[in-house]
2 protein chains.
Amino acid sequence: MAQWVYGFGNGSAQGDASMRSLLGGKGANLAEMSNLGLPVPPGFTLTTELCRYYYDNGHSYPEDLKAQVKDALAKVGEQTGRRFGDAEHPLLLSVRSGARVSMPGMMDTVLNLGLNDVTVEALAQASGDARFAYDSYRRFIQMYGDVVMGVDHHDFEDIIEQIKDERGYVLDTDLSADDWKNVIARYKLLIEDELEEAFPQDGEEQLWGAIGAVFSSWMNARAITYRRLHDIPEDWGTGVNIQAMVFGNMGQDSATGVAFTRNPSTGEKALYGEFLINAQGEDVVAGIRTPQDLTLQARLSGHNQAPSMEEVMPKAFSEFSDICQTLEHHYKDMQDLEFTIERGRLWMLQTRIGKRTGKAALRIAVEMANEGVISRDEAILRIDPRSLDQLLHPTIAEDAERNLVAKGLPASPGAASGQLIFHADEAESLAAQGRRVILARVETSPEDIHGMHAAQGILTARGGMTSHAAVVARGMGKPCVSGAGSLRIDYDKEILSVGHITLKKGDVVTICGSSGEILLGDVPMQKPELTGEFSTLMGWVDEARRMRVRCNAETPQDAKSAREFGAEGIGLCRTEHMFFDEDRISAMREMIFAEDVEARRDALATLLPMQRKDFTELFEIMAGLPVTIRLLDPPLHEFVPHEVEDIAHVAPSLRLTPEALQARITTLHEFNPMLGHRGCRLAITYPEIAEMQVRAIFEAAITAAVKTGRAVQPEIMVPLVGLREELDYVKARIDAVGADVMAEAGRSVDYSVGTMIELPRACLQARTIAESAEFFSFGTNDLTQTTYGISRDDASRFLADYQRLGIIDHDPFISLDTNGVGELIEIAAERGRFARDDIKMGICGEHGGDPASIEFCEKIELDYVSCSPFRVPIARLAAAQAYLKAAEHR
Amino acid sequence: MAQWVYGFGNGSAQGDASMRSLLGGKGANLAEMSNLGLPVPPGFTLTTELCRYYYDNGHSYPEDLKAQVKDALAKVGEQTGRRFGDAEHPLLLSVRSGARVSMPGMMDTVLNLGLNDVTVEALAQASGDARFAYDSYRRFIQMYGDVVMGVDHHDFEDIIEQIKDERGYVLDTDLSADDWKNVIARYKLLIEDELEEAFPQDGEEQLWGAIGAVFSSWMNARAITYRRLHDIPEDWGTGVNIQAMVFGNMGQDSATGVAFTRNPSTGEKALYGEFLINAQGEDVVAGIRTPQDLTLQARLSGHNQAPSMEEVMPKAFSEFSDICQTLEHHYKDMQDLEFTIERGRLWMLQTRIGKRTGKAALRIAVEMANEGVISRDEAILRIDPRSLDQLLHPTIAEDAERNLVAKGLPASPGAASGQLIFHADEAESLAAQGRRVILARVETSPEDIHGMHAAQGILTARGGMTSHAAVVARGMGKPCVSGAGSLRIDYDKEILSVGHITLKKGDVVTICGSSGEILLGDVPMQKPELTGEFSTLMGWVDEARRMRVRCNAETPQDAKSAREFGAEGIGLCRTEHMFFDEDRISAMREMIFAEDVEARRDALATLLPMQRKDFTELFEIMAGLPVTIRLLDPPLHEFVPHEVEDIAHVAPSLRLTPEALQARITTLHEFNPMLGHRGCRLAITYPEIAEMQVRAIFEAAITAAVKTGRAVQPEIMVPLVGLREELDYVKARIDAVGADVMAEAGRSVDYSVGTMIELPRACLQARTIAESAEFFSFGTNDLTQTTYGISRDDASRFLADYQRLGIIDHDPFISLDTNGVGELIEIAAERGRFARDDIKMGICGEHGGDPASIEFCEKIELDYVSCSPFRVPIARLAAAQAYLKAAEHR
């Protein structure tokens, strides 16, 4: 016989905290508290298995359920000295949902169940308070009428308003016991009118109605939405907790409250929470009365008048305070509690792990580890890596007034304020004058880089989380809100409009790249506080992780800040970003439009000393750490002007007419640049470009080694390889140039040549490619684009619909698609190691900073992840967590 | 001890025809002929293993080689009654290369080896012809001096010209024995002057020089190029055949000739070839004298004066004729022979499988099968499927004068003539007036479809074998030359120029889509002849194959011609092609620019009857055969105008200003349309489009079933699926619309829903996708694009370099990349069958018509291939061959 019902109360229980899947979180913790001997109103839990049975069997119950419930009810009756349905000593019940994870407010609850025209009298007798009893009864009818019977709760509220009008009352508290009786009569009529059936007087009927309502609420629209948003499987189901009622509203010696064992905002080790005298839980939520502090200290520091619980109910407070300590020690984490005091007696109604801010999480974890409550590994596992974002960037002050203009995607965290500017050149020149600007574009392109650098933050109307703007901004550690689709940007008029709001050039806005908000005016910020706990925890993290963490960086600023954030080398230096400066792009264009190899070599000769300087600086900053340099990757047309005016402006310097230049540009056009003439394809068709870059790398390595006294180990990365033959062709040139430079300098450089694995074909051919490649760096952005067949620049058109329709759970450009892209990476890793067992492997796409993706990287034992500088601490933490989690399976 | 030398001659040999890899083709066949007792001048072959040894060991030979060669020479001496280097009875030798496959003219040959100042006298004595002997000697010096010693052969020719000048001679035949002696003296001086060493008189030295030269020629530039073009591995190496000389130039009873056992042009069963009396093989090639026919019949039908070999040398002819029969029966194939008659005695110098035209191949195979020489299966395997192209399209007449303008890619076979027109509209209106036009574009786009339909042929300056122009033209069965990169097309001036040639609108050109040639003027054509042998063979083919062959078709014309070519259904109906007609594209644009779902539904309602008519016609033509219809696939911006004038023209019909329309069009722009908002992504974001199409399919299926009396089984294909959830979403709508239509009509339709597998992710997720998909159709074009990360529209920029540099062997858009793309298809097939063991699978990319790709499809046991109508016979043949080849391994 299946056990559908688990009882608890009076110092023991049939379940415990480990049975969260079966009993739901609330039920499991009620059982656990009972086992600990804590005062829990006795009751029982209907299992989540019963919920599944209910849905699998057309909303019906197993035959043996009735008997199990009856037995459990009898047991609760014994423990309380009451009997369900008894006219003199009626047992009253609360019926609450409780899923495996908390889904606050999503499902239904019924309180005071068991009241009817007879038992209400007994309650009046027992409490000595008729008004309380009838108020409880009407609350029950209202809740039951709404939740179980489906009568709109506004209709009930209207009746109360009606009576108050008739009687000239202002507050609910003005109603007397008789008034509540009147309300109850009208409630019953309302139900009969609406449903042509009476409000049930039979307790059994009430109970089964409430149980069915709770199970049914698992599939209500808001619960379904919540589950989708939080990745909660539908088949988990909910439990139902049926418990003897306790009343916090039985007079001045009764109360109800909520508490955290530590401060969930700051992490401070001090009881935190509030309570209300003579009230039920729902009154705290309703906010009609101001709750009072729990502790004297909190009252004093809050300068509050109303006395604290510690002062007015010292005995109950002391007991509660002990229970808090017990529970925190027992669960080894900060607890979020609900309690009720009925006539001086404390009852625990709920305990669970408390939610907290990133800052609090850090402090609590570190302090608990230092207190010896948890281990350092456990402390590491307690922190959500994404929460570090809050700590590493300035954010909008919590108490700031927010004047929302629109919302876009939270593309790059942190907040920034400045004047709206629509053109990169102007952004740059204003910034040079010391002005703070926000660059607003429909979307950005590599030609806007200087403006993005100059701006405090970037705002785009189009493009997703991995659009050009988003990727570049994250790389720069600059706040960015992308894809704010409701914005209309008019470059000519230099205005931005959304609905009826129109902002013009120079207007000040604030953007929050952590929330996606665009706010009017200069909103106050708070600075990042890298407190002592931060560095303590990161120290533990670095000891606990196996994978190295590198950064994606090509500028000295980025490289420096990445090192400050703990980067252990550069995993991706995108050399093309180095060519967009004014003096370089013209040489670049000369190179692109060269008539022959000789002219191309001349233009490249101009770029050589600049590249050499770039690399020398990076090598010096990285002082002996590995630096992976990717050869030129994007198609050449990304470097040429496209607007008519720009073409006219640039043509003379190239000794071409605008028409001739336009014609040359047209021949560079590609239908699908992402799949075009780029990556190693450039190095193969124009080997002289790669040769210049490689020469710059080797010369820089020698210069930096001399200067820093540390050997530099450049890792030269050939992008977009799909065939081993491509790599071989380019590698031969790299080796030849390297040999030349080393011979010229009379010094050797310890370099390696590897490839970016970013095409499905490369993954499949990893065995042969690894015969030539000394390292693999997984370029998961492009690998996602090709594996999925979606362009990250265009995908926002439909990915939002996909998420809304539940077709995908998450944007595959943000968190690695482990099924598809991940399988290809696993194949590549396995085949690569087969050919070369000491092959070095890492990941350098946007996913290198995503904790879920980092966990995947640890699973397949990559050597390192590389991410944008600001994400380095997140990656370090995520790498440690991934290692610790994987260790559990070792 | 390794055997480096294999002797042959006098009715036996150490090798045989099966030893082609070791002895080369020539050597193996000389051995085989010896074994058959045919008259072969005795000799021996140095193996290809020796060639590899030579290259692996710095151009040196194994120690035991000398002794083996000496023994072999002695044996040849015995058989000929001569001795190498002997003053009285000298053995003279020919030294020829011979690789595993024929590489005509690529490597070196030395004849008359062994002649020197002494042996030449013996030859004069023996032949009784001093002039012949000294001519032979000077030929040897000239050949040896060029091939072995590296003196330019022009310098030798100059000496002969000099003597002729001095003596006042016109022809070489005017030179006497003494004149040749004079020439020989000057040749020797030339060599000494150039090289400061004498022409070697020692036979051994001559022999080793010649052997080294032949081996070295394996790595000369033209041999390397030839191997690359013909996919011949370098490590195969060449053999060297050393053979006793026989002389066809020893007087009027001597001759030399070449022959085919059947006519290589028509396939007719009749000895075919020519011979020259008193000549050496090189004289036939030199073309100084007109060769004579072999048979009397050939002379008569050719109206030639000179007597045939049958007439002047009846005995030798009869012997030769018997040998031809013997060899053809022995090798079971048409032979290509070389022979020499020395003083009335016939010697066979070579036999090999003869090359032939497609037409001849067909006739020979069918006739040989009917003769019982080979089986029908063998006959099927004898035909190169690609050669059928020649038979299925009109071609330029063989004897036509060709005035070449330029060459592009042979993108769609067949030839066409017409006036050059540069704009699709004009092409259409001129064609409507009955004019024949060739549409010339830089590249074509879907907006040109009507012009392409109207044109006789299509010519583009850009785009590869799978560019839009190429794919559409092949689909239409229209000749197309694409990517003729040397062409400059000026749309404004309406001219086309290449080098100094400029052609203007209206000039007549002829294009040959089989060769890529663009010719001036109206060049005469020859019509396709689908002779009796064609249909006989195709009958056998259809019995022999397992895979079905369908066509890619969406117009009634294409569907009809595909059925004539033997298609067994439609494998891919690209519905978007149905929307480009003038009346449809405007409704399509109304749909695209609709403000809301209702307006979009209104526009779709206009399209519904048109689509229904399209499908009804296809279903009627296919009369019960399966028809796979793909839902709308391309991004919507393919249907909107992009040129300023077109926008201005179209705007009023959409009730928009040109500016507003331009703005709307801009929002549709995509960076990488190939990876953009298309395929099932359209059906998910705009389900009403798919619903209209599905309704049209079901309504058409019912109408056609009523009309033809045959049940129609539509296969509805959802494109670009990467997630099972996408397919499920669209399938739910298909099923719902289907149920509606069936209920309305009161009739049921037996339909299936499947998907195009064209993304790497779909291949990996094939198991879950197959849980919902009833069939898979591999879209290998897109799968190649995504797996390789190359855009077929842009790839021509670097793929040509890739082929030149040997990085790839073949264009992966033409022949399936079995390593990369193929592995994904295999994975998908395996996982798909795991989930659904009766899943139907086919291929519908361009590769469906490529024999090598079809072989792959058979290997993984797909159910069908689908290709453009004109390729259906090729695919049928290739499918049969693939099955027969696979059967060998079963």
Side-chain angles (χ1 to χ4, degrees), chain A residues 442-443 462 635 666-679 681-682 684-685 720 722-723 725-726 728-729 758-765 768 782-795 797-799 801-802 805-808 812 817 819-824 827, chain B residues 442-443 462 635 666-679 681-682 684-685 720 722-723 725-726 728-729 758-765 768 782-795 797-799 801-802 805-808 812 817 819-824 827:
Chain A
V442 175
E443 54 210 333
R462 272 206 248 153
T666 304
T667 65
L668 288 176
H669 170 262
E670 291 185 313
F671 293 100
N672 295 293
M674 157 67 206
L675 308 174
H677 193 177
R678 49 172 288 237
R681 299 161 193 172
L682 286 175
I684 289 168
T685 49
L720 211 71
L723 301 130
E725 289 78 5
E726 292 175 318
D728 285 344
Y729 185 88
E758 48 190 335
L759 297 174
R761 193 179 197 281
C763 295
L764 297 169
Q765 288 292 301
T768 59
D782 281 2
L783 190 57
T784 300
Q785 298 198 78
T786 47
T787 304
Y788 248 105
I790 51 176
S791 159
R792 67 177 191 185
D793 294 317
D794 304 311
R797 283 161 208 277
F798 52 88
L799 281 189
D801 279 338
Y802 270 38
L805 295 169
I807 291 174
I808 55 172
D817 162 43
N819 285 338
V821 180
E823 184 177 352
L824 281 174
I827 289 173
Chain B
V442 175
E443 54 209 333
R462 272 207 249 154
T666 303
T667 65
L668 288 176
H669 170 261
E670 291 186 314
F671 293 100
N672 296 293
M674 156 68 206
L675 308 173
H677 193 177
R678 49 171 289 235
R681 300 161 192 172
L682 285 175
I684 290 167
T685 48
L720 211 71
L723 301 131
E725 289 78 4
E726 293 174 319
D728 286 344
Y729 185 88
E758 49 190 334
L759 296 175
R761 194 180 197 282
C763 295
L764 298 169
Q765 289 292 302
T768 58
D782 281 3
L783 190 57
T784 300
Q785 297 197 81
T786 46
T787 304
Y788 248 105
I790 52 176
S791 158
R792 69 175 192 188
D793 293 317
D794 304 313
R797 280 161 211 276
F798 52 87
L799 281 190
D801 279 336
Y802 270 38
L805 295 169
I807 291 174
I808 55 171
D817 162 43
N819 285 338
V821 180
E823 184 177 352
L824 282 174
I827 289 172

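Order of the sequence lines sets the chain letters (A, B, ...), proteins ahead of strands, with each chain counted from 1.
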Colleague: May I ask you to name which of A/Val821, A/Thr685, A/Ile790 has the most heavy-atom pairs under 4.5 Å with chain B?
Modeller: A/Ile790
Colleague: Where does B/Asp728 contact chain A at under 4.5 Å (heavy atoms): side chain, backbone, both or neither?
Modeller: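 Neither part.
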Colleague: Side chain, backbone, both or neither: which part of A/Asp782 has an atom under 4.5 Å from a heavy atom of chain B?
Modeller: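 Looking at A/Asp782, nothing touches chain B.
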Colleague: Just verifying a value: how many Å separate B/Arg678 CZ and A/Ser791 OG, rounded to the nearest 0.5 Å?
Modeller: 12.0 Å
Colleague: Examine whether an atom of B/Leu682 lies under 4.5 Å from a heavy atom of chain A, and if so say whether it belongs to the side chain, the backbone or both; otherwise answer neither.
Modeller: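 Neither part.
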Colleague: Does any heavy atom of chain A fall under 4.5 Å from the side chain of B/Gln765, the backbone, both, or neither of them?
Modeller: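 Just its side chain gets close to chain A.
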Colleague: With only heavy atoms counted, which part of B/Leu723 is less than 4.5 Å from chain A, the side chain, the backbone, both or neither?
Modeller: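 For B/Leu723, the contact with chain A is made by the side chain alone.
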Colleague: To the nearest 0.5 angstrom, please state how far the CZ atom of B/Arg792 sits from the CG atom of A/Asn672.
Modeller: 10.5 Å
Colleague: Can you say whether B/Asp801 sits under 4.5 Å from chain A via the side chain, the backbone, both, or neither, judging by heavy atoms?
Modeller: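 Contact with chain A involves the side chain of B/Asp801 alone.
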Colleague: If I measure from the heavy atoms of chain B, does A/Phe671 come under 4.5 Å with its side chain, its backbone, both, or neither?
Modeller: both
Colleague: Find the one option among B/Gly789, B/Gly820, B/Gly679 whose heavy-atom pairs under 4.5 Å with chain A are most numerous.
Modeller: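 Option with the greatest count: B/Gly789.
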Colleague: Between A/Thr784 and chain B, which part of the residue has a heavy atom less than 4.5 Å away: side chain, backbone, both or neither?
Modeller: neither
Colleague: To the nearest 0.5 Å, how far apart are CG in A/Leu675 and CG in B/Leu675?
Modeller: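 A/Leu675 CG to B/Leu675 CG: 4.5 Å, rounded to 0.5 Å.
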Colleague: Under the side chain to side chain contact (heavy atoms under 4.5 Å, CB included) test against A/Glu725, which residue among B/Ile808, B/Ile807, B/Leu805 passes?
Modeller: B/Ile807
Colleague: Distance check, rounded to the nearest 0.5 Å: B/Thr786 atom OG1 versus A/Tyr788 atom OH?
Modeller: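 Here the rounded value is 14.0 Å.
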Colleague: Looking only at heavy atoms and a cut-off of under 4.5 Å, which of A/Gly722, A/Pro673, A/Gly676, A/Pro635 has the most pairs with chain B?
Modeller: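 Among A/Gly722, A/Pro673, A/Gly676, A/Pro635, the one with the most close pairs to chain B is A/Pro673.
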Colleague: Compare all side-chain heavy atoms of B/Ile684 with those of A/Tyr802 and state whether any distance is below 4.5 angstrom.
Modeller: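 Yes - at least one pair of side-chain heavy atoms lies under 4.5 Å apart.
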Colleague: Which one wins on heavy-atom pair count under 4.5 Å against chain A: B/Thr667, B/Leu824, B/Thr768, B/Asp817?
Modeller: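 When all of B/Thr667, B/Leu824, B/Thr768, B/Asp817 are compared, B/Asp817 has the most.
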Colleague: Donor-acceptor check, side chain of B/Asp794 to backbone of A/His677, threshold 3.5 angstrom: yes or no?
Modeller: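 It does not hold such a pair.
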